[in-house]
Amino acid sequence: MAALAHHHRVLLSFTSFATPRTHLPCASSSPPPTHARLRGARVLRHASGGGGSSSAAPVSSSSLEELSRSCTTWSWRGMRVNYLVRGEGPPVLLVHGFGASVAHWRRNIGVLSESNTVYAIDLLGFGASDKPAGFSYTMETWAELILEFLDEVVKRPTVLVGNSVGSLACVIAASDSTRDLVRGLVLLNCSGGMNNKAIVDDWRIKLLLPLLWLIDFLLKQKSIASALFGRVKERENLKNILMSVYGNKDAVDDELVEIIRGPADTEGALDAFVSTVTGPPGPSPIALMPRIKIPVLVLWGDEDPFTPIDGPVGKYFSGLPSELPNVRLYMLEGVGHCPHDDRPDLVHEKLLPWLASLPSAAEPEVAVA
């Protein structure tokens, strides 16, 4: 029962963690429009307000102001999508998870951009990207956004790097890509769906399905959703949620709390939160992974409470290398749901050599075992 109670708390935290839409403005190969720079700067100043630093990260992190100078917007189907580009070399696209944004890659962009052209994107409904009124967010929509971004902005075969729901969006994009847009896939604690309703074959979720349905019902009541959202946005609540998600508690600094909290105050954030938590979970990575023939690197924090290694999705990915020769897996000890920010040193230790081992885009792609 203690384990069940813990999982219950985690599910409630998950609902909270899915709320804030982080921010950060970003840049492109063309000069950013003035309105895009100003809009991004406003969000960035809001995020920087908390101050604070942490001794947790063993690698240097980019400041939010520094990241903002590398950012702009791209117009997708009439909506503004915020993104960053930095560095030179083979392109890599970073795709965040729930409640996150470009800024969540603060401890990775500098290192990766030493040998790659690094793009990082705010998915629609998150960060400084638009949060259109009445929009229904789905995993498939985010995957379409990623593919069209590669086609229109990057214009070269790209390695996709995703965390949590961002990983799943990358899996869907890679499985749907018929134009050789994706040349490699990196999954950091891939989620099983847009929300926990996807994991119906986990006994813990089965026991809590009535609670999840009740949460869905309550969130569709505007006044209740607004009150819950307001509670979730409080700094102490956010910090407690992040502490439960990270293995390395020192990595949960004031800047991280503000990265998550800032965009929750922007117009459309509440609607995006409700749509994401109550919407369809989307395709399962278990059904999609066998379709993917490009090289895949899976990094998994073993202290993840959202997608635990002993859950259905974790078990599936842990056994994948024995079934698919293009998949390589590393377990990261003492790491939670967001390995790239939790223990960036461990992530870079595995990621950088793997990226360097990939064939160039001009060479025929072969599986990396």
Side-chain angles (χ1 to χ4, degrees), residues 24-33 36 40 70-97 101-102 105 109 112-113 115-132 135-163 165-187 190 194 282-283 285 288-289 291-297 326 355 358-365:
L24 235 224
C26 301
S28 75
S29 53
S30 58
S70 303
C71 297
T72 192
T73 56
W74 164 61
S75 179
W76 183 65
R77 303 179 184 180
M79 296 170 286
R80 293 174 298 182
V81 174
N82 189 53
Y83 76 97
L84 166 151
V85 61
R86 180 186 291 183
E88 294 182 3
V92 172
L93 175 62
L94 308 178
V95 184
H96 61 78
S101 66
V102 167
W105 302 99
I109 290 170
L112 292 175
S113 64
S115 52
N116 297 271
T117 302
V118 176
Y119 293 85
I121 195 169
D122 283 346
L123 294 173
L124 200 68
F126 293 79
S129 289
D130 277 351
K131 305 168 185 67
F135 193 85
S136 295
Y137 297 91
T138 67
M139 293 305 314
E140 294 90 339
T141 299
W142 287 327
E144 290 170 11
L145 184 155
I146 289 169
L147 287 175
E148 292 184 31
F149 182 83
L150 298 183
D151 196 28
E152 295 183 17
V153 179
V154 183
K155 299 180 180 179
R156 287 188 288 165
T158 301
V159 173
L160 300 180
V161 181
N163 172 230
V165 166
S167 278
L168 180 54
C170 290
V171 169
I172 299 169
S175 68
D176 286 348
S177 178
T178 57
R179 292 167 289 175
D180 298 322
L181 295 173
V182 183
R183 61 184 289 259
L185 185 61
V186 181
L187 307 177
C190 184
M194 190 168 73
L288 298 178
M289 285 302 298
R291 302 183 198 171
I292 297 174
K293 307 305 179 185
I294 56 175
V296 179
L297 174 66
N326 58 315
L355 287 172
L358 294 178
S360 68
E363 299 173 5
E365 300 242 333

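Please read these numbers as outputs of a predicted model, since none were measured by experiment.
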Heavy-atom closest pair, residues Tyr137 and Pro132
OH-CD, 3.6 Å
Euclidean distance, Leu94 CG relative to Tyr119 OH, rounded to 0.5 Å:
12.0 Å
Quick one: closest heavy-atom pair of Ser175 and Leu288, and the distance?
OG-CD2, 3.9 Å
Just how far is it from atom CZ of Arg291 to atom CG of Asp176, taken to the nearest 0.5 Å?
7.0 Å
Residues pairing under salt bridge (charged side-chain N to carboxylate O under 4.0 Å, His left out) where one sits in residues 150-161, two or more places apart or in two chains, turn out to be Asp151-Arg179
Residues Leu145, Trp74; criterion side-chain contact (heavy atoms from CB on, under 4.5 Å); working and verdict:
CA-CA 11 Å; Leu145 184 155; Trp74 164 61; 4.2 Å; yes
By side chain to side chain contact (heavy atoms under 4.5 Å, CB included), Ala174 pairs with (sequence neighbours left out) Val182, Leu185, Ile292, Ile294
Is the distance between the ring centroids of Trp142 and Phe126 under 6.0 Å?
yes
Mind checking salt bridge (Lys or Arg N to Asp or Glu O under 4.0 Å) for Glu148 and listing every partner two or more places apart, or none if nothing turns up?
Arg77
Can you name the closest pair of heavy atoms from Val154 and Pro91 and give their distance?
CG1-CB, 3.7 Å
Would Val161 and Trp105 count as a side-chain contact (heavy atoms from CB on, under 4.5 Å) if you check the C-alpha gap in whole Å, the side-chain angles of each, and the deciding distance to 0.1 Å?
CA-CA 11 Å; Val161 181; Trp105 302 99; 4.2 Å; yes
The criterion is side chain to side chain contact (heavy atoms under 4.5 Å, CB included); which residues satisfy it with Asn116, sequence neighbours excluded?
Pro90, Val92, Val118, Leu355
Is there side-chain contact between Val159 and Arg183, with at least one heavy-atom pair below 4.5 Å?
yes
Thr141: which residues meet the side-chain hydrogen bond (donor to acceptor under 3.5 Å, both in side chains) condition with it, sequence neighbours left out?
Thr138
In Å and rounded to the nearest 0.5 Å, what is the OG to CD distance from Ser115 to Glu88?
11.5 Å
Side chain Asp130, main chain Arg80, donor-acceptor under 3.5 Å:
yes
When rounded to the nearest 0.5 Å, the distance separating CE of Met79 from OG1 of Thr73 is 13.0 Å
For Ala169 and Met139 the tightest heavy-atom approach is N-CE, 3.5 Å
Result of checking Ile121, Leu123, Asp122 against Ser129 for side-chain contact (heavy atoms from CB on, under 4.5 Å):
Asp122
With side-chain contact (heavy atoms from CB on, under 4.5 Å) as the test, pick out the partner of Thr158 among Thr117, Leu93, Ile146.
Leu93
Between Leu181 and Leu150, what is the shortest heavy-atom contact and its length?
O-CD1, 3.7 Å
